[in-house]
Amino acid sequence: MDNLIYKSTRGHGDPVSASKAIIRGIAEDGGLFVPSFIPKIDFNVKEFSKLNYKELAYTVMSKFFTDFTEEELKSCIDKAYDDKFDTEEIAPVKKIGDDFFLELHHGPTLAFKDVALSILPHLLKTAVKKQGIDKEVLILTATSGDTGKAALEGFNNVEGTKIIVFYPEVGVSIVQELQMTTHAGDNTFVVAIKGNFDDAQKAVKEIFTDNKIRKQLAEKGFMFSSANSINIGRLIPQVVYYFSAYLDLYKKGEINEGDKINVVVPTGNFGDILAGYFAKSMGLPIDKLICASNKNKVLSDFINTGKYDRNREFYVTNSPSMDILVSSNLERLLYFISGENPEKISALMEALSTKGEYTIDKDMKDKLKDFYAGYASETETCDVITELYKTHKEAIDTHTAVAYSVYKKYTADTKDTTKTVILSTASPFKFPKAVMSSIDKKYDGVNEFELIKELSKIANYTIPQGIKDIDTKPQVHNTVCDKKDIKNVVLDFLKIK
């Protein structure tokens with residue numbers, strides 16, 4: 001096997017092994033780590049269909065994490081994909097009417113982030129041991145809603161780590177907020193910031209590349225890493241469920257060997273759909289990668305025009321995990337469609353930082369042909385929730401609804417009949433207010449925790465353990481800070497002056 005290594009999208013610094021890239025999280029020049037090549041996989045669908053999720057995960061991830069031994073990687077996978085998921089399949093495909101939904105919300109925090117954040121702590125701990133590092137690892141994470149609790153759950157009381165999660169004070173759902181603020185762990189800290197997700201993400205990235213702070217931490221026995229999808233250890237595990245979804249359709253007789261599928265991904269930070277791009281590049285028969293945006297449609301505008309422009313109004317929507325105007329993982333896609341040109345990427349990122357916008361050239365724009373992009377308004381999001389419940393007595397969350405709405409627009413525009421998998425990225429129980437008011441206006445104004453119980457009744461769903469009685473749990477975290485004070489919060493948490 002070729003030894004795959006990782007380098008920065010912006011070209012500075014020496015290439016590193018997978019374990020070093022996982023530990024660092026972000027490259028020293030502010031770029032993101034990318035593999036030196038995207039490995040191909042000999043996708044024999046008949047043979048792959050015999051694999052369970054853990055075996056499939058090893059087959060895919062071992063192509064990227066080449067400095068992990070088989071024993072090390074399989075140990076990480078075994079610890080990640082266990083009974084913390086409430087389905088044996090980990091990521092089952094559910095057919096509703098004629099449509100297929102990849103359910104990624106069966107983990108402990110009811111969101112797709114669980115699939116990757118269940119394994120990242122084990123990958124990180126193994127990587128630290130491999131590299132002989134004796135420092136405590138500080139995980140810094142910005143969240144628009146779901147990453148926060150999933151990261152807290154994954155790193156909870158993991159030896160040799162501490163984790164701080166920053167989330168926007170306004171914008172997350174009450175369930176998302178309580179999942180974070182009621183989290184009790186000896187090594188965990190949660191902070192609301194007066195700003196939006198982009199503010200939190202920008203501040204965290206600046207801390208990572210602040211040599212003064214890095215030196216301060218090193219002197220006290222700490223080092224930084226990240227649980228966001230800027231960490232390659234977060235991104236690669238997400239590639240697996242695209243293979244899993246394809247195999248599910250094949251085993252159920254919905255597709256034949258070699259048939260192509262489309263995938264629809266609701267995305268704000270571009271990590272989840274980038275994982276689909278990696279799966280396609282590896283050899284999975286994916287035709288269109290359909291990028292679904294909400295009202296903050298910076299990504300769909302970019303894919304359709306070639307111009308990325310964050311100089312626009314920021315909206316707080318009913319799909320808050322997608323309320324993002326600076327999509328970090330897009331930088332990785334830009335790197336590959338630029339012909340792996342770090343100078344070009346550096347120039348684009350500098351333009352984004354200084355002017356808030358950039359435009360890619362025609363050659364790069366032509367390489368976006370794998371993608372289709374659209375967006376759903378608040379009303380359209382609610383409408384498809386209403387329709388699906390009335391027609392099939394099934395409830396979907398608002399982010400899944402964004403994807404479903406964009407998919408319906410895609411089929412109307414293109415008349416494409418290719419079998420399509422819609423990524424269902426969160427449980428409807430995480431957003432009961434928006435879901436239930438879409439199902440019936442009589443639920444407007446009803447307490448969210450009463451709505452959780454009502455949703456369970458009308459859709460015949462069991463209330464997931466992760467949010468059961470969450471409103472009665474004590475709130476452990478109540479710190480609020482201004483975005484400009486994030487660095488001080490980090491130093492105070494570590495008791496560093």
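Throughout, residue positions are numbered sequentially from 1 according to the sequence presented. Values below: all heavy atoms of this structure, side chains included; hydrogens, waters and symmetry mates excluded. Everything numeric here is computed off the predicted structure, so don't read it as measured data.
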Can you label the angle between the Tyr407 ring and the Tyr404 ring as parallel, tilted or perpendicular, going by 30° and 60°?
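Parallel.
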Classify the angle between the aromatic ring planes of Tyr410 and Tyr372 as parallel (below 30°), tilted (30 to 60°) or perpendicular (above 60°).
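Plane angle over 60°, so perpendicular.
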Work out which heavy atom in Tyr246 is nearest to a heavy atom in Asn256; give both atom names and the distance.
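Nearest heavy atoms, Tyr246 then Asn256: OH-O, 3.8 Å.
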With a 6.0 Å cut-off on the ring centroids, do Phe243 and Phe43 count as close?
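Here the rings of Phe43 and Phe243 have centres that are less than 6.0 Å from each other.
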Are His105 and Phe429 an aromatic pair by the rule of ring centers under 6.0 Å?
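For His105 and Phe429, the ring centres are not under 6.0 Å apart.
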Among all residues two or more places apart in sequence or in another chain, which pass the side chain to side chain donor-acceptor pair (under 3.5 Å) test with Asp259?
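Partners of Asp259 under the side chain to side chain donor-acceptor pair (under 3.5 Å) test: none.
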Check this for me: does any side-chain nitrogen of one of Lys84 and Asp114 sit under 4.0 Å from a carboxylate oxygen of the other?
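Here Lys84 does not pair with Asp114 in a salt bridge, since their nearest N and O are not under 4.0 Å apart.
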Please determine if Lys95 and Glu394 form a salt bridge, counting it only when a charged side-chain N lies under 4.0 Å from a carboxylate O.
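Answer for the salt bridge query: no.
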Nearest 0.5 Å please: distance from the CG atom of Leu330 over to the CZ atom of Phe302.
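These two atoms lie 5.0 Å from each other.
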What pairs of residues pass the salt bridge (Lys or Arg N to Asp or Glu O under 4.0 Å) test when at least one of them lies in residues 365-375, not counting sequence neighbours?
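Sorted result for residues 365-375: Lys280-Asp370, Lys362-Asp366.
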Quick test of your reading: applying salt bridge (Lys or Arg N to Asp or Glu O under 4.0 Å), list the pairs with at least one residue in residues 420-432, sequence neighbours left out, ordered by first then second residue.
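Sorted pair list: Asp146-Lys430.
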Out of the candidates Asp272, Ile422, Leu289, only one should pair with Val265 under the side chain to side chain contact (heavy atoms under 4.5 Å, CB included) rule; please name it.
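It is Asp272, the one option of Asp272, Ile422, Leu289 that forms the side chain to side chain contact (heavy atoms under 4.5 Å, CB included) with Val265.
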Side chain to side chain contact (heavy atoms under 4.5 Å, CB included) with Leu123: which of Ile232, Ile236, Ile22, Ile77?
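Testing each of Ile232, Ile236, Ile22, Ile77 against Leu123, the sole residue satisfying side chain to side chain contact (heavy atoms under 4.5 Å, CB included) is Ile22.
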Strictly distance-based, threshold 3.5 Å: is any side-chain N or O of Ser319 a donor or acceptor partner for the main-chain N or O of Met322?
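Looks like no, no N/O pair under 3.5 Å.
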